2 protein chains.
Amino acid sequence: MSAERQADNEGVERVTDDMSWAEVTPDAARRLLIAAVEAFAERGYHATTTRDIASRAGMSPAALYIHYRTKEDLLLRISRIGHEKALEILVEAAAREGTATERLADAVRSFVRWHASRHLTARVVQYELDSLGEEHRPEIIALRRRSDATVREMINDGVKAGEFDVPDVPGTALAVLSLCIDVARWFNTEGRRTPDEVGALYADLVLRMVGARVP
Amino acid sequence: MSAERQADNEGVERVTDDMSWAEVTPDAARRLLIAAVEAFAERGYHATTTRDIASRAGMSPAALYIHYRTKEDLLLRISRIGHEKALEILVEAAAREGTATERLADAVRSFVRWHASRHLTARVVQYELDSLGEEHRPEIIALRRRSDATVREMINDGVKAGEFDVPDVPGTALAVLSLCIDVARWFNTEGRRTPDEVGALYADLVLRMVGARVP
DNA sequence: CACGGAACTAAGCGCCCGCTCACCTCTAGG
DNA sequence: CCTAGAGGTGAGCGGGCGCTTAGTTCCGTG
């Protein structure tokens with residue numbers, strides 16, 4: 001399934017933390033999807049009308065159905081791409097070189113930075129999951145479990161290496177992920193803190209939670 | 001540590017933690033409100049119909065409008081009572097005797113226990129805020145700010161007393177509240193942990209976040 | 001027992017929703 | 001220059017929504 005990963009121009013890693021939705025084509029489909037992200041984030045999935053989405057994208061209500069089967073199909077695509085991106089951020093940080101402390105701090109910093117800077121997308125991805133129908137939700141939940149497992153393994157590594165002191169590893173992993181995800185709910189671009197600052201603060205807080213020795 | 005959790009045989013403490021909605025009268029109004037809490041928590045405010053609420057309460061759709069002006073009025077009352085209860089829990093813990101460490105741990109334990117055991121109510125209270133119209137939201141947001149201030153003050157007290165080591169007090173207070181609130185999103189009655197266990201785990205995690213010396 | 005008012009219901013109004021369909025408009029290839 | 005087909009539109013459908021209204025049931029009081 002990862003075979004048709006089109007290697008754009010250079011073989012170099014295209015990790016665009018920036019969620020440009022470049023993989024969504026054609027252009028009109030991408031504009032609709034971005035409009036949907038904004039609308040879902042502002043008003044919630046159920047309170048958003050297909051007319052609202054279409055008009056944000058500068059199109060007629062009917063145009064939506066040329067590119068997407070239903071309104072829920074739009075949410076599914078947003079949710080899938082977003083969860084894949086969030087998981088990728090965690091997995092990449094976990095796979096890097098360094099001590100468990102460095103890797104966990106790096107993962108939290110990147111993960112939080114994404115949830116802050118792309119907080120509209122993250123809000124839809126993390127909080128509109130229940131609006132997905134029964135047939136699509138399991139696929140997304142599977143991605144979430146992999147995120148959870150990635151964090152749990154990093155913490156376990158730190159415990160084994162003697163870097164962390166954690167009485168309840170699964171519970172702590174759950175709390176760490178929950179803490180990071182909730183950034184998408186309260187983060188405000190108009191607010192005082194930049195995504196970088198929140199990422200740094202949260203990395204420090206998480207290292208404290210796992211009992212890492214902070215310099 | 002602070003295992004001196006006094007039994008409440010003293011008639012003073014009437015905290016009820018149990019959200020029985022006893023203050024809502026008459027009986028039919030309370031049944032409707034409880035039905036609305038369940039429906040809003042399961043499906044979200046916008047996806048819930050007034051017919052659904054009424055039928056859960058065993059009444060006709062029109063009965064709702066005898067006790068509530070609109071569907072939004074229901075959400076407002078739930079939100080107001082819930083936020084007042086959450087704030088009360090924090091304020092009471094903050095006002096108790098003891099060191100800053102004990103008071104903060106106590107506050108987190110009670111607050112999290114409430115968000116877990118009453119997670120349906122808490123989910124509506126904490127996550128359906130945006131569904132409130134512009135004219136009612138400020139009232140609720142004011143309550144939230146008081147919760148935030150209460151936590152911030154407890155942390156400040158601990159820093160002044162030399163019990164805590166916190167570089168960024170407002171940021172840490174925000175993160176602590178965010179962490180606790182998010183319990184309402186993921187907590188599941190069918191899950192492995194009881195509200196008491198989650199409360200104890202989170203109290204420990206928060207003490208680590210503020211750099212309290214944990215025995 | 002008559003009766004006023006509170007609690008509740010059956011029926012349904014008007015609106016707007018997700019979605020469809022007949023039709024139009026570009027543009028690339030022969 | 002013609003045409004096929006993809007992309008787009010205006011109009012509107014069936015239906016379910018929040019909410020209303022006219023009328024019924026129930027009950028405490030004089």
Side-chain angles (χ1 to χ4, degrees), chain A residues 21-79 124 128-137, chain B residues 21-79 124 128-137:
Chain A
W21 301 106
E23 65 221 271
V24 182
T25 55
D27 183 70
R30 182 170 50 250
R31 271 161 47 222
L32 282 164
L33 190 135
I34 291 171
V37 167
E38 290 174 7
F40 291 163
E42 278 177 23
R43 308 145 76 95
Y45 174 78
H46 287 291
T48 298
T49 70
T50 54
R51 285 163 175 83
D52 183 27
I53 296 169
S55 81
R56 278 175 195 253
M59 304 169 94
S60 77
L64 195 152
Y65 294 89
I66 295 166
H67 300 284
Y68 300 94
R69 282 175 22 261
T70 60
K71 176 182 158 187
E72 191 189 328
D73 188 34
L74 254 170
L75 178 61
L76 174 62
R77 286 178 199 242
I78 293 168
S79 204
V124 177
E128 298 290 338
L129 194 78
D130 295 339
S131 303
L132 238 36
E134 298 290 342
E135 61 279 311
H136 299 307
R137 208 176 307 138
Chain B
W21 300 107
E23 65 221 272
V24 182
T25 53
D27 184 70
R30 181 169 51 248
R31 272 161 48 222
L32 282 165
L33 189 136
I34 290 171
V37 167
E38 290 174 8
F40 291 163
E42 279 177 23
R43 308 144 78 96
Y45 174 78
H46 287 292
T48 298
T49 70
T50 53
R51 285 163 176 83
D52 183 26
I53 297 169
S55 82
R56 278 175 195 252
M59 304 168 94
S60 78
L64 196 152
Y65 293 90
I66 294 165
H67 300 284
Y68 300 94
R69 281 173 24 259
T70 61
K71 177 181 157 188
E72 192 189 326
D73 187 35
L74 254 170
L75 177 62
L76 175 61
R77 286 177 199 244
I78 292 168
S79 205
V124 177
E128 298 291 337
L129 193 81
D130 295 340
S131 303
L132 238 37
E134 298 290 341
E135 60 279 312
H136 299 307
R137 208 177 307 139

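Values in this document were obtained by computation on a predicted structure and should not be read as measured data. Reckoned from all heavy atoms, side chains included, excluding hydrogens, waters and symmetry mates. Reminder, nothing fancy here: chain letters follow the sequence lines and each chain counts from 1.
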Check: Just wondering, do B:E23 and B:R30 contact through their side chains at under 4.5 Å, heavy atoms?
Finding: no

* Asked: Do A:L75 and A:E128 touch side chain to side chain, with heavy atoms closer than 4.5 Å?
  -> yes

Rounded to 10°, the angle between the first-five-pair and last-five-pair axes of the helix from C:dC1-D:dG30 to C:dG30-D:dC1 is 0°

Is any side-chain heavy atom of A:S79 less than 4.5 Å from a side-chain heavy atom of A:V124? no

Here the gap from B:L33 atom CG to B:R77 atom CZ, rounded to the nearest 0.5 Å, amounts to 8.5 Å

Residues 36-51 of chain A vs side chain to side chain donor-acceptor pair (under 3.5 Å), sequence neighbours excluded, gives A:E42-A:R56

The side chain to side chain contact (heavy atoms under 4.5 Å, CB included) partners of A:A29 (sequence neighbours excluded) come to A:V24, A:P26, A:H67, A:Y68

Contacts of B:D130 meeting salt bridge (Lys or Arg N to Asp or Glu O under 4.0 Å) (sequence neighbours excluded), chain-then-number -> none

Quick note, salt bridge (Lys or Arg N to Asp or Glu O under 4.0 Å) partners involving residues 60-71 of chain A, not counting sequence neighbours, are A:R69-A:D73

Contacts of A:E134 meeting salt bridge (Lys or Arg N to Asp or Glu O under 4.0 Å) (sequence neighbours excluded), chain-then-number -> A:R137

Contacted region of DNA chain D by chain A, from 5' end to 3' end of the hits, cut-off under 4.0 Å to heavy atoms, spans D:dG8 to D:dG12

In short, A:I53 meets A:L74 closest at the heavy-atom pair CD1-CD1, 4.2 Å

Contact string for nucleotides 8-19 of chain C, one letter per nucleotide 5' to 3', B = base within protein heavy-atom range under 4.0 Å, S = sugar-phosphate only, - = neither, reads BBB-B----BBB

